[in-house]
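We name chains A, B, ... by the order of the sequence lines, and we start the count at 1 in each one.
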Amino acid sequence: MSLRLFDTAARSLVDFQPLAPGHVGLYTCGPTVYNRVHIGNLRTFVWEDVMCRALRSLGLSVTQVMNLTDIDDKTIRGAVAEGLPLREFTDRHIATFFEDLKTLNVIPAAVYPRATDHVPEMVEIVKKLTERGHTYESDGTFWFRIASFPAYGKLSRIDPSSMKRGARVADDEYEKEDVRDFAVWKGAKEGEPESALWETELGKGRPGWHLECSAMSMKYLGETLDIHTGAVDNIFPHHENEIAQSEGATGKPFVRTWLHAEHLIVDGEKMAKSKGNFFTLPDVLSRGYSPRAVRYLLLSVPYRQKLNFTFDALRGAASAVERLESLDARLGERSGAADAAAASEAFVAKVAEARGAVRAGYEDDLNTAAALGALFGFVKEANTSLEAGQLGPADAAAARAFLREADGVLGVLPEGADASLEAEVEGKIAARQEARKRRDFAASDAIRDELAARGILLEDTPQGVRWRRKG
RNA sequence: GGCGACGUACCCAAGUGGUUAAGGGAAGGCUCUGCAAAAGCCUCAUUCGUCGGUUCGAAUCCGACCGUCGCCUCCA
């Protein structure tokens, strides 16, 4: 395996080797659970899922950890607005988040730690930072002193001395030595709900902005992570601060490879509620698109490229998925035909070549577009051979196995249909064939229309009738 | 103001010194078909934002310009 990844810190492609041979510890920044995630968020989460699947396909084992930020200004504000205890409020949003992931066929991470379940771990880090002289306290709030960490800015390449002293600092009632310092622990303030406060050795308060990721990543993956990911907006200040906190506390390198996904934009513009181009997954699905088409679109553009989301592109994605699905079905039929002959050497070689090309795509910084290009090259070859009658059952079986294997990373082909639906549809197809034999086309068309209305598409082929659910 | 990314056909997009410039979608043609749909096949960029430069050779490297976008403040 020779996997190359674009490390944000190095600003270049690096040869990736996990710390423990064959095993990757992966920390993926998760959502702040105060609303329904939008398709831009989901682009990042789908990418991370594809990355896990691709790493596994390259022979690595992966432990993925994704945090759930359930304590911050936004979650507190939301809970107060709805008159709910913090936990009850965030529980609801965590549930819809998992729903969306499931809908998009995302394989769950090994752990989804919640910040509020790790307050003691965070307190420990603050204590360590304090022992090492990286913090100071003022009014119950503990600040990280940027001046005590010379490497600050190495990830984002932002020079601390040039940081603008933003007007927003005035909003902050806390006292700090330097406007650039950030809170690791926020002392309780007047009017904050009890459900968002903890009594700790540091006093009463709540964890600061970025501390949870340091605490939870190190708890589940050790003090040095192989890969840490997020979207580009996390680079500064979130990840920069994580480095300062983590390395300040342990004295060890925090992350070996930083990976950041570009944003999704809509019709060439940033997605924003005020522009009316803000979409959640249910918004998109309610317009009649399949989750598999959405997933395909989100993963088809390599992660470091901005993804321009349009409904035109989504329709294109649906068609592309149908092309894969259709070949899968054709191969399924062909491979079922009785024939004891072994797969032909020439075809086996073609499969091997395609497999290598797909793999090379993933090895090159998870280049999904290149991998898809290679896969579709194979799709055309398989279709052509199939059409020419040159594909034996064993060849078809080999092709189908490869297609399914490729889909192990893509995750866009449907699961097998459920048996009761299958029996029903087969029955209707038989009835339609009867009607067609009688040349009762009104009756046969009625059956076709009825199934179409239910999203089931019939294809009359020389080999018989095939059906599938519309992508 | 500081830092950074991007600009390849109608749309999306791979390609980062020598290839016929991948692939997907759309469109047109053909095959199949009771009709249709679907599916499959074929066609579809002498050219890579513009202008210069380096080089035997550039979409790929350098410079300028034009355009789009992002971060610098919570943000996937």
- Sequence-distant partners of A/Arg87, salt bridge (charged side-chain N to carboxylate O under 4.0 Å, His left out), two or more places apart: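 Expected list: A/Asp117.
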Between protein and nucleic acid, restricted to nucleotides 6-8 of chain B and to nitrogen or oxygen atoms under 3.5 Å apart, what atom pairs and distances do you find?
none

- Message: So, under a plain 3.5 Å distance rule, would you say the side chain of A/Asn367 forms a donor-acceptor pair with the base of B/G15?
- Response: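 Donor-acceptor pair under 3.5 Å: no.
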- A/Arg436 (side chain) and B/G34 (base): donor-acceptor pair under 3.5 Å: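 Yes, a donor-acceptor pair under 3.5 Å.
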- Message: Stacking between A/Phe376 and B/G24, defined as ring centres under 5.5 angstrom apart with planes under 30°, is that present or not?
- Response: no
- Query: Given the C1' atoms of B/A26 and B/C72, what is the spacing between them in whole Å?
  - Reply: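 Pairwise C1' distance, B/A26 against B/C72, rounds to 40 Å.
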- P-based separation of B/A21 from B/U16 [nearest Å]: 14 Å
Report which part of the nucleic acid [X] touches: base, sugar-phosphate, or nothing (heavy-atom distance under 4.0 Å, all strands).
X: A/His263; answer: base
X: A/Ala261; answer: nothing
X: A/Leu264; answer: base
X: A/Leu458; answer: base
X: A/Gly373; answer: base
X: A/Asp460; answer: base
X: A/Gly40; answer: base

- Message: Less than 6.0 angstrom from the centroid, inside 45 degrees of the normal: does A/Arg36 satisfy that with respect to the ring of A/Phe97?
- Response: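 No, A/Arg36 does not sit over the ring of A/Phe97.
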- Task: Cation-pi check, A/Arg287 to A/Phe311: give yes when NZ or CZ is under 6.0 Å from the six-membered ring centre and within 45° of the ring axis, no otherwise.
- Result: yes
Are any of [X]'s side-chain N or O atoms less than 4.0 Å away from OP1 or OP2 of [N]?
X: A/Arg448; N: B/U33; answer: no
X: A/Lys380; N: B/G40; answer: no
X: A/Asn234; N: B/A76; answer: no
X: A/Arg466; N: B/A39; answer: no
X: A/Asn308; N: B/U68; answer: no
X: A/Arg323; N: B/G40; answer: yes
X: A/Thr310; N: B/C11; answer: no

- Query: A/Asp233 CG to B/A5 P: how many Å, rounded?
  - Reply: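 For the pair A/Asp233 CG and B/A5 P, the rounded distance is 17 Å.
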- Separation of B/G34 C1' from A/Gln433 CD (nearest whole Å): 12 Å
- Message: Using 30° and 60° as the class boundaries, would you call the ring planes of A/His239 and A/His260 parallel, tilted or perpendicular?
- Response: tilted
- Message: Please convert RNA chain B into dot-bracket. A pair counts if it is Watson-Crick or G-U wobble with both distances under 3.5 Å; crossing pairs go in [ ] and bases paired with another strand get |.
- Response: ((((((((.[[[..)..(....]]].(((((.......))))).....[[[[[..)....]]]]])))))))....
